Q: 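This is the structure, below, for whatever I ask next.
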Protein chains: 2
Amino acid sequence: MKEHHCTSIVPLFNHLSEEEQDKIESLVIHRHFNKGETVWQPGDDPLLIIVASGSMKVYMIAGNGREQLLRLLTPGSYEGANALLGARAQDLFIDTLEATDACLLRKSDFTALLEKTPKLALKLLEINAQRMADTENQTRFLMMERVETRLSAYLLSLSLLSGGAADLEIPMKMKDLSAYLGTTPETLSRKLHLLEETNLISRKGKKSSAMLKLDRGGIRI
Amino acid sequence: MKEHHCTSIVPLFNHLSEEEQDKIESLVIHRHFNKGETVWQPGDDPLLIIVASGSMKVYMIAGNGREQLLRLLTPGSYEGANALLGARAQDLFIDTLEATDACLLRKSDFTALLEKTPKLALKLLEINAQRMADTENQTRFLMMERVETRLSAYLLSLSLLSGGAADLEIPMKMKDLSAYLGTTPETLSRKLHLLEETNLISRKGKKSSAMLKLDRGGIRI
DNA sequence: CGGAGGATTGAGGGAAGTCAATGCCGGTGG
DNA sequence: CCACCGGCATTGACTTCCCTCAATCCTCCG
């Protein structure tokens with residue numbers, strides 16, 4: 001079995017010296033998760049979770065039972081630093097979306113690391129600052145705009161992430177996308193249909209995660 | 001003129017030694033703002049803004065022109081750390097709500113401080129983690145629940161902040177509260193009226209910031 | 001081939017936003 | 001000191017978006 005080395009792929013760690021990385025690697029617990037497993041839920045011990053391969057979704061559950069998808073974790077991203085730093089419980093759930101390898105770091109090990117490695121604290125601050133800004137933008141966005149606008153912006157950002165490609169594949173199920181956009185599968189379906197009718201996109205109706213194409217040079221929001 | 005000493009009232013700094021605090025104090029720019037002034041807006045230089053007395057509102061402006069109030073800054077809270085740490089622009093605006101004294105810290109001074117004071121980085125991480133968790137909770141809340149629920153929860157949290165008091169005063173104009181709750185003044189007005197009709201609250205129709213009372217042992221959400 | 005979960009489509013209703021008019025308070029200037 | 005003005009709050013009527021419920025279709029997989 002090929003060992004995955006989390007430290008080298010995580011922006012949080014990969015700027016450290018090889019020696020330091022080795023030390024972290026020795027503290028880390030490697031685990032494999034199957035598709036659809038719950039990696040973390042409220043009540044579990046605080047844990048730094050680093051995705052080595054595969055993907056996870058981080059979501060909350062609201063009073064009415066609907067889930068709000070907060071973000072996807074792809075290889076190199078992590079979750080749980082906040083809880084490790086003493087933030088109040090957040091009622092977060094983390095599930096895998098596919099077979100996933102992850103590295104886990106215990107709270108005690110993590111805090112010890114932080115105290116011994118000032119560089120790490122600075123890096124973490126930097127990453128957190130960006131994440132904070134993104135979250136705030138997401139908040140504004142979800143709050144203020146209509147579903148259609150949110151969807152368009154999402155597609156556009158997806159396209160930008162892949163270097164402005166016109167063809168793109170939605171990296172999750174429609175059900176999850178609707179949760180991410182703060183709406184329902186039904187509404188999402190309708191809105192996609194609408195964008196299609198307006199010739200703004202065309203869909204290669206594939207399996208679950210649809211392949212689609214931004215027509216006419218993309219989407220205006 | 002009485003000098004305000006920001007460092008001693010800010011959780012971010014007040015755990016440091018007196019010597020360290022004095023040093024920070026020497027770097028800080030003290031400024032007074034009048035009511036309704038804009039303290040910071042997109043395009044301005046990154047700045048750490050610490051509120052010594054008075055209050056400010058931090059908000060964003062959405063595509064449709066409506067503003068989303070993100071949080072209020074009261075004495076001891078600060079804003080701008082993210083931008084100082086290199087986070088992408090956020091299109092934040094910061095206005096004073098009343099006459100306000102603030103301490104400003106330049107980006108260069110701030111980063112120098114951070115590098116020289118590891119304790120500070122850790123503290124900042126801790127505070128940021130909590131703030132991050134709060135923001136995430138706010139996201140979920142704004143997204144998922146109805147205006148009436150958001151309002152009730154807000155009133156309840158306000159009451160809890162003042163030690164469970166039944167009488168409370170809303171610390172901002174209705175217009176701002178509606179932006180904070182992600183709705184419009186009209187809807188807010190209607191919802192307050194509704195809570196009143198149900199005998200859940202009673203209002204001492206004061207001036208702008210209303211005084212109100214939670215009846216029947218409070219609000220159920 | 002059949003089942004299950006996801007996606008789609010349709011019908012209907014409800015929550016909240018918009019537009020517009022009026023009322024209220026507080027501040028300003030004569 | 002009082003009258004006027006301006007911003008904010010309130011109320012009403014209407015509209016719109018999107019959620020809910022329910023049925024059907026599709027796709028993947030055993």
Side-chain angles (χ1 to χ4, degrees), chain A residues 34-36 57 62-69 95 97-99 141-152 169-197 201-212, chain B residues 34-36 57 62-69 95 97-99 141-152 154 169-198 201-212:
Chain A
N34 294 320
K35 174 176 174 173
K57 63 173 176 179
N64 55 16
R66 259 181 40 215
E67 73 179 49
Q68 168 65 38
L69 185 54
D95 292 359
L97 291 171
E98 54 193 308
F141 204 70
L142 291 174
M143 281 291 315
M144 313 281 307
E145 313 291 351
R146 308 185 315 173
V147 169
E148 201 179 328
T149 313
R150 290 179 235 161
L151 173 58
S152 301
E169 184 175 350
I170 295 182
M172 55 188 142
K173 285 181 294 195
M174 293 316 230
K175 195 183 153 199
D176 288 325
L177 179 55
S178 68
Y180 183 69
L181 296 176
T183 183
T184 59
E186 293 95 324
T187 300
L188 174 60
S189 177
R190 282 180 245 269
K191 293 307 178 186
L192 276 171
H193 187 76
L194 205 114
L195 289 177
E196 211 171 7
E197 271 184 341
I201 65 170
S202 46
R203 273 193 282 183
K204 293 257 190 169
K206 250 187 36 180
K207 42 204 152 201
S208 49
S209 54
M211 194 82 165
L212 53 78
Chain B
N34 293 318
K35 174 176 175 171
K57 64 173 177 178
N64 55 16
R66 255 176 49 211
E67 72 178 49
Q68 167 67 36
L69 186 54
D95 292 359
L97 291 170
E98 54 192 307
F141 203 70
L142 291 174
M143 280 290 317
M144 314 280 306
E145 313 291 351
R146 305 186 314 173
V147 169
E148 200 178 330
T149 312
R150 289 179 235 161
L151 173 58
S152 302
Y154 170 76
E169 183 176 351
I170 295 183
M172 55 188 143
K173 285 179 293 195
M174 293 315 233
K175 194 184 154 197
D176 288 326
L177 179 56
S178 68
Y180 184 70
L181 296 176
T183 183
T184 59
E186 293 96 323
T187 300
L188 174 59
S189 176
R190 281 180 244 270
K191 294 306 179 186
L192 275 172
H193 188 75
L194 205 113
L195 287 178
E196 212 170 8
E197 271 183 341
T198 334
I201 64 171
S202 46
R203 272 192 284 183
K204 294 256 191 169
K206 249 189 36 180
K207 40 204 155 205
S208 48
S209 55
M211 194 80 166
L212 51 79

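Quick caveat, the model's predicted, so the values are computed rather than measured. A, B, ... follow the sequence lines: proteins, then strands. Residue 1 opens every chain. Below, all heavy atoms of this structure are taken into account, side chains as well, without hydrogens, waters or symmetry copies.
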Q: Measure CG/A:L181 against C1'/D:dC19 and give the value in whole Å, please.
A: 15 Å
Q: So, does B:R203 get its side chain near the phosphate of D:dT10, meaning an N or O under 4.0 Å from OP1 or OP2?
A: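 Result: yes.
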Q: Closest heavy-atom contact between B:Q68 and B:G182?
A: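 For B:Q68 and B:G182, the tightest heavy-atom pair comes out as OE1-CA, 3.7 Å.
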Q: To the nearest Å, how far apart are A:L194 CG and D:dC18 C1'?
A: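 Result: 13 Å.
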Q: Enter the distance from B:K57:NZ to B:E67:CD here, rounded to the nearest 0.5 Å.
A: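 Between atom NZ of B:K57 and atom CD of B:E67 there are 4.0 Å.
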Q: Could you tell me how far apart B:L97 (CG) and D:dC8 (P) are, to the nearest whole angstrom?
A: 12 Å
Q: Starting at CE of B:M174 and ending at C1' of C:dG26, how long is that distance when rounded to a whole Å?
A: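 Nearest whole value for this atom pair: 17 Å.
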Q: Specify the separation, in whole Å, of atom CD of A:E145 and atom C1' of C:dA16.
A: 16 Å
Q: Go through the structure and list residues passing salt bridge (Lys or Arg N to Asp or Glu O under 4.0 Å) with B:K191, not counting sequence neighbours.
A: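 So B:K191 forms no salt bridge (Lys or Arg N to Asp or Glu O under 4.0 Å) with any residue.
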Q: What nucleotide among D:dC18, C:dA7, C:dG17 has an atom nearest to a side-chain atom of A:T187?
A: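 That would be D:dC18.
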Q: When you measure only distances, ignoring hydrogens and angles, does the side chain of B:E186 come within 3.5 Å of the base of C:dC19 through a donor and an acceptor?
A: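 Checked by distance alone, the answer is yes.
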Q: Expressed in angstrom and rounded to an integer, what is the separation of A:L188 atom CG from C:dT9 atom P?
A: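 Interatomic distance, CG of A:L188 to P of C:dT9: 12 Å.
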Q: Provide, to the nearest angstrom, the distance between the CG atom belonging to A:L192 and the C1' atom belonging to C:dA7.
A: 11 Å
Q: In whole Å, what is the span from the CG atom of A:L151 to the P atom of D:dC17?
A: 15 Å
Q: Give one of base, sugar-phosphate or nothing for B:G182, where a contact means two heavy atoms less than 4.0 Å apart.
A: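 Contact class for B:G182: sugar-phosphate only.
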Q: Can you find a side chain N or O atom of B:T184 that sits less than 4.0 Å from OP1 or OP2 on C:dG17?
A: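 Checking C:dG17 against B:T184, a side-chain N or O does come within under 4.0 Å of OP1 or OP2.
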Q: Could you pick out which residue, A:K175 or B:V147, lies toward the 5' side of DNA chain C when each is mapped onto its nearest nucleotide?
A: A:K175
Q: What's the spacing between A:D95 CG and A:K35 NZ if we round to 0.5 Å?
A: 12.5 Å
Q: For A:K175, what residues pass the salt bridge (Lys or Arg N to Asp or Glu O under 4.0 Å) criterion, not counting sequence neighbours?
A: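 Per chain and number, A:K175 pairs via salt bridge (Lys or Arg N to Asp or Glu O under 4.0 Å) with no residue.
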Q: Hey, which of these two, A:K191 or B:R190, hits DNA chain D nearer its 5' end, going by closest nucleotide?
A: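 The residue closer to the strand's 5' end, by nearest nucleotide, is B:R190.
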Q: Would one find a side-chain N or O of B:H193 under 4.0 angstrom from OP1 or OP2 of D:dT10?
A: no
Q: Suppose we call a contact any N or O donor and acceptor under 3.5 Å apart; does that hold for the side chain of A:R146 and the base of C:dT18?
A: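 No, no donor-acceptor pair under 3.5 Å.
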Q: Answer yes or no: does a side-chain N or O of A:S189 lie under 4.0 Å from OP1 or OP2 of C:dA7?
A: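 A:S189 to C:dA7 OP1/OP2: no side-chain N or O under 4.0 Å.
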